[in-house]
Amino acid sequence: MPELPEVETVRRGLDRRVTGAVIRRVEIFRDSCVRLMPGGAAQFRDEVTDMTCLSVARRGKFLWIPLGNGPAEDAEVPEASLSAHLGMSGQFRIHSAEAMPEPHPHCRARLSLQSGAGDLTLDFLDQRTFGYLHAEELRQTEDGHPAGTGTLTPYLPQSVAHIARDALDPALNVAAVVAALGRGTRGIKQVLLDQTVMSGVGNIYADEALWRARVHPTRPAHTVSFRAATTVVESVQQVMADALKAGGTSFDSLYVNVNGESGYFARDLDAYGREHEPCSRCGASIRRERVSGRSTHWCPSCQRRYAPRRNSTAVRAKTPGM
DNA sequence: AGTAGCACCTGATTGC
DNA sequence: TGCAATCAGGTGCTAC
């Protein structure tokens, strides 16, 4: 499930049942679900089999399980990382050995785990196959803070090193994010979606945060004031915290937690998916338009499109309406 | 350096 | 009814 609140819901579900368990068997049903490893599925199987899951960690939408050779102790230096990204449609499902169904048609991999509470299977499902698994090395974070949510250690997988800390990370450098949101020629929504500035924001919560902050999604970043950019960051943090409380947003069975259950935030969305419905703040009709390939929603009354100030000497092209 | 565009996939839904 | 076009919540590579 794509954005931060959904991935965090999955992380919590995994953490409760997987931490401390030992990976005993790996079945790969579709080789291409293992990426970023020269040896592919076979190498993945070799590197994770018989390793212990020390914890389940997350930064933005990236998940990883620090692996060790002995009993689970999150304080120790992990030997390796079992890393995962859910892409657009990835899911993890956990079943106890007694109640294990046949693998779902979209099941790409199944891990069999031995835990203190009994044997489990961990299925990785992914309809659109943009998600993936891999095993890799970890490295220390530069700031020495914990690498993300769900780990106390500063050890971060190599593949996550280029991703900024996420919106709900206490170690996030908010001032740097605010500065970045006010820089460049891209629209502010594009900057919000840039995972190297601040991670975890996807298409739904970008639209929601900008609606809350009353900022138009295509407004060029360099025209956004310090004050407005600050409000945008705070709105991102608030909307994600609200969504997390509701167990994330889901529209259908593609987006569920590790037990296959849906979250409830969809009914609390104010902009995303509400084209032609009245703005819950002012009543104007919510608009939708494709902006660089992504469906973008906003209130044309609360979120004014940027219109450069008229210049008496220059003749300007007519700016399109809202 | 910063940014836009496209490629990577499957499946459900919409429109002719 | 059947088939094609369109849409879906992400990331990363390439080329300008």
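Throughout, a chain's letter reflects where its sequence line sits, starting with A, and its residues are numbered from 1. We use all heavy atoms of the structure for the numbers below, so side chains are in, but hydrogens, waters and symmetry mates are not. Treat the numbers as computed from the prediction; the structure is a model and nothing was measured.
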Whole-Å [atom1] distance, [N] and [M]:
N      : M      : atom1 : result
C:dT6  : B:dC6  : P     : 14 Å
B:dG11 : C:dG12 : P     : 24 Å
B:dA12 : C:dT11 : P     : 24 Å

Rounding to a whole Å, what distance do you find between [X]:[atom1] and [N]:[atom2]?
X        : N      : atom1 : atom2 : value
A:Glu275 : B:dT14 : CD    : P     : 14 Å
A:Arg183 : B:dT3  : CZ    : P     : 9 Å
A:Arg294 : C:dT11 : CZ    : P     : 8 Å
A:Asp126 : C:dT11 : CG    : P     : 13 Å
A:Met88  : B:dC8  : CE    : C1'   : 11 Å
A:Phe62  : C:dG12 : CZ    : P     : 5 Å
A:Gln190 : C:dT11 : CD    : P     : 13 Å
A:Arg35  : C:dG12 : CZ    : C1'   : 10 Å

Determine, answering yes or no, if A:Phe130 is stacked on B:dC9 under the 5.5 Å centre rule and the 30° plane rule.
no
Quick one: which of A:Arg59, A:Lys61, A:Arg58 gives a salt bridge (Lys or Arg N to Asp or Glu O under 4.0 Å) with A:Asp166?
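Answer to the salt bridge (Lys or Arg N to Asp or Glu O under 4.0 Å) test with A:Asp166 among A:Arg59, A:Lys61, A:Arg58: A:Arg58.
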Looking at A:Arg305 and A:Glu289, is there a salt bridge between them, counting it only when a charged N and a carboxylate O are closer than 4.0 Å?
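A:Arg305 and A:Glu289: salt-bridged.
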Between A:Glu8 and A:Arg12, is there a salt bridge with N-O shorter than 4.0 Å?
yes
Residue A:Tyr132, side-chain heavy atoms: nucleotide from B:dG11, C:dG12, B:dT3 that is nearest
C:dG12
Checking base pairs now: Watson-Crick or wobble, both atom distances under 3.5 Å. What partners C:dG9?
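Pair assignment: C:dG9 / none.
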G-U wobble or Watson-Crick pairing nucleotide for B:dC9 (cut-off 3.5 Å, both distances)
none
Please check the phosphate of C:dA8 (OP1 and OP2 only) for any side-chain N or O of A:Arg288 closer than 4.0 Å.
yes
Think A:Thr185 has a side-chain N or O under 4.0 angstrom from the OP1 or OP2 of B:dT3?
yes
State which residues pass salt bridge (Lys or Arg N to Asp or Glu O under 4.0 Å) with A:Glu234; sequence neighbours excluded, sorted by chain then number.
none
In this structure, are over 12 heavy atoms from other groups packed under 6.0 Å from A:Arg25 atom CZ?
no
